[in-house]
Amino acid sequence: MARPNEEVEALLREYADLIEITGGDAFKARAYEKAARAIGGHGADVSRLDAAALREIPGVGKSIAEKVTEYLGTGHVPAIEETRTAVPAGVRDLLTIPTLGPRKAMTLHQELGVSSVDELVAAVHEGRLRDLKGFGEKTEENILHGVDLMQQAGDRILLSAATELAEETVAALTEATGIERCAYAGSTRRMRETIGDIDLLVAAEDSAPVMDAFVRLPQTAETVVRGRKKTSVRTTRGLQVDLRVLPPEAWGAGLQYFTGSQAHNIATRTIAGRAGLKLSEYGLFDAESGERLAAATEEEVYERLGLPWIPPTLREDRGEVAAALRGELPELVTEDDLRGDLHTHTDLTDGISSLTEMVDAAAARGYAYYAVTDHAPNLYMQRMTEEKMLAQRERVRELDGRHRRMRLLHGTELNIDADGAVDWPGEFLDGFDVCVASIHSHFRLDRAAQTRRLIRACENPHVNVIGHPSARKIGHRAPIDADYDAVFEACARTGTALEINSHPDRMDLRDEQVLRAREFGVKFAIDSDAHSVTHLPHVRYGVGTAQRGWLGKDDVINTWPLTRLRRFLRKRGR
DNA sequence: GCCGTTTTCGGCCCGACTGTTTTCAGTCG
C-alpha cells in the first residue's frame, strides 16, 4: 500500500488528466495538478488531517479538501469516478507516451476508437493516423519511438517504488508472524535502477504460517504459485513478489544466492568449484563428503570461499570477485558519509516546500551544509529574476544562523543552452557559493554538438557541478547522445564535478557511467534535486548508484568537510 | 478549482520547439 499522500496525489493527478482529455477547463486541470503535487510532497500524513488542516496546504481549497476527505473516508469520490467512465483507462495511458498529450489522445480515441497503447501502435502500422488532422509522418515516428522507450523499461518499476514496497512487505510480514529473519534480496538489494520483481526471504522452521500471512497482505492481489518453500503473488499494482522460506541455519547462503546477480553467483560458484566445494542456496559444502562448511551468514560463506564480504551493490560480475581475491575491494561511500546536499529547490521556483521548510528538513538529516539551488531565468516557466535571486540570497544568509551545526550555501541551477553557455553574466554568477549547470532543452542535438556544449559548460569557471548529465528520464526520455569520455576528461581537467542525481526517475549519471568517469579521476556530487522536504531522503538511491559505480567517500565532494568543499568550488581561474 | 484581493471576480507559468501547417496547435519544461 502506497503512502496515503502518494495515493491521493495519484488520484488527483488522474482527475487532472481526465479533465484535460475531456477538454475541460485547463485551469481547473492545473489546479488539481498543483494540489496533487503539493499533497504528494507534503511532510505530514494527509490521512491524519481534517478538512481544515488540508486546506492549509497551498493549492488545496474547499472542493479538493472535500474530495480528499471523502476519498480517505470511503475510498470513493463520485465526481472523479463519473469522469472516469467517460474515458477508458487505456486512453489515459496514452499520455505517458512522450509527445502525446491530452488533445492528441482524445483525437485518437474519438476519431479512431483507440483506447490503449497497443491499439495505437496497431493503428500506426495500419496507416490509420495519416488522415487525421495534425498527425503526420513525424508524429507516427515519435509515437513509435516513445512506445519503444516505455517498453525498454518494460514491466520493470523504479528502484524507489520497489524499495518502498519491499520494506513495507518485510515490515508487515515480520509483524504478522513474529519471524526473526525477513529481508529482501535480488536486484532491489543490489539497488539496480529498475526492478522486475521483488525477492523476499524468510528464515523459519515452519513455512505455512508465513505463507498464509503473505497471501493475506493487503497489497496482495492474487496468488500466482503457492508451495511449501516458495510462494509468488502479484500485487495490486501488477508487480510480482516471490517469497522464499529457508531453514534458519541456511540464512546466509540463501541471502547470498537470492541476492545475485546471476553472473556474480556463477563467479562465486566457480571459485567454490576450484576449491573442491559446492555452493548452493542451502550452503557451502565439501564436494566430496557433502559436509556443510558454511551457511548461517553471508560473511561466513564468503570467508570460507577465501573472500571478504562483498557489498550487494558490487555483485554484478564487474570485477568484484577478482578485486576481492586481491583484497582490493573499494571502501564504498555510504549515506552516512554525506555531509550535505548541493542541488535542491524551493517554492521560489518549481519546488513545493518553502526555504525554511527545506532548511529545517535538511538540518534534521544532520547535514553540515546545505545548498539551495533554484532555477535560473532561462528556464522561462520559472520566471526567475536577479531581484528574486538576490532577495533569496539575503534570506539564506539570515537563515544561516538558524541551525548551529549546518551552514547554508546559496546556489542556482543554471541552464546549459545549445552552445554550452549558461544564464547570467559572470559578475552575477560570482555571487553564488555553488553553481549546478544542467541540460533542460535541445535534447536532440547530434553527438558532436552535445559533447561540445557539455565541455563548454565544464570550462565555464563558474560551473561547479554538471546536473543530471545525460538528461534522461527512465522509461520516458532517452539520454542525450554525447561522447562522454571527452566530457569526463573535461570534468577532470577543469575541476567540475558530475552529479549523481538521486531523483528516482532520473538516476543520472547511471552506474556504468560512474564506473567509467571514475577512471578519468572525475569527482561526483550525490544530490537529491529535491523539490519538496519529502525528496531529501532520495539520496539513498544516488548512494546506491555511486556504490554500483565503485565510488568511495573521497570521490564524492559532498562527503568532504566544508573547507575542502569550498576550495573545490573555487575553480581554477575564478 | 484556487487564490487574493484594488475581498466575491478575474487571473492563473509563459516561451521555445516541433511538426504541422500556410498561420498555428500541441507539447514540454
Side-chain angles (χ1 to χ4, degrees), chain A residues 8 11-39 51 54-70 77 79-80 83 94-108 111 124 129-146 149 345 347-352 374-385 388 413-419 423 438-445 449 467-468 471-473 476-478 480 501 503 505-506 529 531:
Chain A
V8 171
L11 179 81
L12 298 180
R13 267 187 206 283
E14 180 193 356
Y15 194 42
D17 284 349
L18 295 177
I19 292 168
E20 284 209 277
I21 293 170
T22 53
D25 180 5
F27 289 115
K28 182 172 159 182
R30 200 172 298 166
Y32 276 96
E33 187 75 41
K34 198 178 162 213
R37 264 166 44 84
I39 287 174
L54 281 170
R55 290 191 63 174
E56 279 176 26
I57 301 173
V60 178
K62 183 165 176 290
S63 174
I64 292 181
E66 273 171 14
K67 289 192 175 72
V68 172
T69 314
E70 200 174 4
V77 185
I80 298 178
T83 321
L94 300 180
L95 302 189
T96 58
I97 303 172
T99 72
L100 250 198
R103 312 305 319 158
K104 283 191 168 140
M106 201 51 188
T107 304
L108 289 166
E111 303 292 322
V124 173
L129 270 59
R130 299 281 159 79
D131 307 328
L132 292 181
K133 194 170 172 339
F135 287 75
E137 207 179 314
K138 201 72 188 169
T139 311
E140 292 186 342
E141 215 175 278
N142 285 338
I143 288 173
L144 292 181
H145 180 248
L149 265 181
H345 298 271
D347 61 4
L348 181 62
T349 56
D350 57 351
I352 291 162
D374 270 314
H375 288 289
N378 293 356
L379 199 62
Y380 301 96
M381 65 195 251
Q382 309 301 351
R383 301 212 292 182
M384 179 52 75
T385 61
K388 284 190 192 175
E413 182 181 17
L414 301 165
N415 304 286
I416 302 173
D417 76 12
D419 298 319
D423 323 51
S438 313
I439 285 177
H440 291 120
S441 63
H442 303 91
F443 302 112
R444 295 208 204 172
L445 295 177
H468 44 75
R472 71 152 175 182
K473 288 195 173 169
H476 197 71
R477 184 168 64 216
I480 58 166
N501 187 297
H503 197 282
D505 64 9
R506 287 194 184 270
D529 196 0
H531 284 65

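All chains are named by letter (A, B, ...) in the order of the sequence lines, taking the proteins before the strands, and each is independently numbered beginning at 1. Atom set for the values below is all heavy atoms of this structure, side chains included, hydrogens, waters and symmetry mates excluded.
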**Request:** Mind checking K133(A) for me? I need base, sugar-phosphate or nothing, with any heavy atom below 4.0 Å counting as a touch.
**Result:** nothing
**Prompt:** Who are the ring pair (Phe, Tyr, Trp, His ring centres under 6.0 Å) partners of H375(A), not counting sequence neighbours?
**Reply:** H345(A), H440(A)
**Separation of dG29(B) C1' from R477(A) CZ (nearest whole Å)** = 8 Å
**Request:** Specify the closest pair of heavy atoms between A35(A) and G59(A), including all atoms of both residues, with the distance to one decimal.
**Result:** CB-O, 3.5 Å
**Item:** Interatomic distance at C1', dC2(B) relative to dC13(B), whole Å
**Value:** 15 Å
**Item:** Pairwise P distance for dG29(B) and dT23(B), with rounding to whole Å
**Value:** 30 Å
**Request:** Mind calculating the distance between NE2 (H468(A)) and P (dG29(B)) to the nearest angstrom?
**Result:** 11 Å
**Prompt:** Can you name the residues that form a salt bridge (charged side-chain N to carboxylate O under 4.0 Å, His left out) with E111(A), not counting sequence neighbours?
**Reply:** none
**Asked** Can you check the I39(A) CD1 to dC2(B) P distance for me, whole Å?
**Response** 10 Å
**Request:** Considering only atom P, compute the distance from dA16(B) to dT22(B) and round it to an integer number of Å.
**Result:** 24 Å
**Request:** Can you tell me the distance, in whole Å, between the CD1 atom of I480(A) and the C1' atom of dC28(B)?
**Result:** 17 Å
**Asked** Between R55(A) (CZ) and dC2(B) (C1'), how many Å, whole number?
**Response** 9 Å
**Prompt:** How far, in whole Å, is dC9(B) from dC17(B) if one measures between their P atoms?
**Reply:** 41 Å
**Request:** List the atom of I352(A), the atom of R37(A), and the distance in Å for their closest heavy-atom pair.
**Result:** CD1-O, 2.9 Å
**Item:** Salt bridge flag under 4.0 Å for residues K67(A) and E70(A)
**Value:** no
**Prompt:** Can you find a heavy atom in the side chain of L379(A) that is under 4.5 Å from one in the side chain of T349(A)?
**Reply:** no
**Item:** Nearest-angstrom distance, C1' atom, dT5(B) to dC12(B)
**Value:** 14 Å
**Asked** Taking atom NE2 of H476(A) and atom CG of D505(A), what is their separation to the nearest 0.5 Å?
**Response** 9.0 Å
**Item:** Same-atom distance (P) from dG11(B) to dT18(B), integer angstrom
**Value:** 32 Å
Look for any protein N or O under 3.5 Å of an N or O in nucleotides 12-17 of chain B and output each such pair with its distance, or none.
from: dC13(B); atom 1: OP1; to: R30(A); atom 2: NH1; distance (Å): 3.4
from: dC13(B); atom 1: O2; to: M381(A); atom 2: O; distance (Å): 2.2
from: dC14(B); atom 1: OP1; to: R383(A); atom 2: NE; distance (Å): 3.4
from: dC14(B); atom 1: OP1; to: R383(A); atom 2: NH1; distance (Å): 2.2
from: dC14(B); atom 1: OP1; to: R383(A); atom 2: NH2; distance (Å): 3.2
from: dC17(B); atom 1: OP1; to: H442(A); atom 2: NE2; distance (Å): 2.9

**Prompt:** In terms of base orientation, is dT8(B) syn or anti, with the syn window spanning 90° either side of 0?
**Reply:** syn
**Message:** Can you check the distance between dC14(B) and dT8(B), where both ends of the measurement are the P atom (answer in whole Å)?
**Reply:** 23 Å
**R477(A) side chain reached by R506(A) side chain, heavy atoms, under 4.5 Å** = yes
**Prompt:** Quick one: L129(A) CG to dG19(B) P, roughly how many Å, whole number?
**Reply:** 15 Å
**Asked** Separation of I80(A) atom CD1 from dG1(B) atom P, in whole Å?
**Response** 11 Å
**Complete:** When rounded to whole Å, the CG to P distance for the pair D529(A) and dG29(B) reads 14 Å
**Prompt:** For R444(A), which contact category applies under a 4.0 Å heavy-atom criterion: base, sugar-phosphate, or nothing?
**Reply:** sugar-phosphate
**Item:** P-based separation of dG10(B) from dG15(B) [nearest Å]
**Value:** 23 Å
**Request:** Kindly say if N142(A) contacts the phosphate of dT18(B), meaning a side-chain N or O under 4.0 Å from OP1 or OP2.
**Result:** no
**Request:** Tell me, please, which residues at least two apart from D17(A) pass salt bridge (charged side-chain N to carboxylate O under 4.0 Å, His left out).
**Result:** R92(A)
**Asked** Does K473(A) or G61(A) map to a spot on DNA chain B nearer the 5' end, using the closest nucleotide for each?
**Response** G61(A)
Can you pull every protein N or O that's under 3.5 Å from an N or O on nucleotides 25-27 of chain B?
from: dT27(B); atom 1: OP1; to: G101(A); atom 2: N; distance (Å): 2.5
from: dT27(B); atom 1: OP1; to: G101(A); atom 2: O; distance (Å): 3.0
from: dT27(B); atom 1: OP1; to: K104(A); atom 2: N; distance (Å): 3.2
from: dT27(B); atom 1: OP2; to: R103(A); atom 2: N; distance (Å): 3.2
from: dT27(B); atom 1: O5'; to: G101(A); atom 2: N; distance (Å): 3.4

**Message:** How long is the straight-line distance from CG of D529(A) back to CG of N501(A), given to the nearest 0.5 Å?
**Reply:** 4.5 Å
**Contacts of R383(A) that satisfy salt bridge (charged side-chain N to carboxylate O under 4.0 Å, His left out) - sequence neighbours left out** = none
**Prompt:** Who is the Watson-Crick or G-U wobble partner of dG11(B), with both distances under 3.5 Å?
**Reply:** dC2(B)
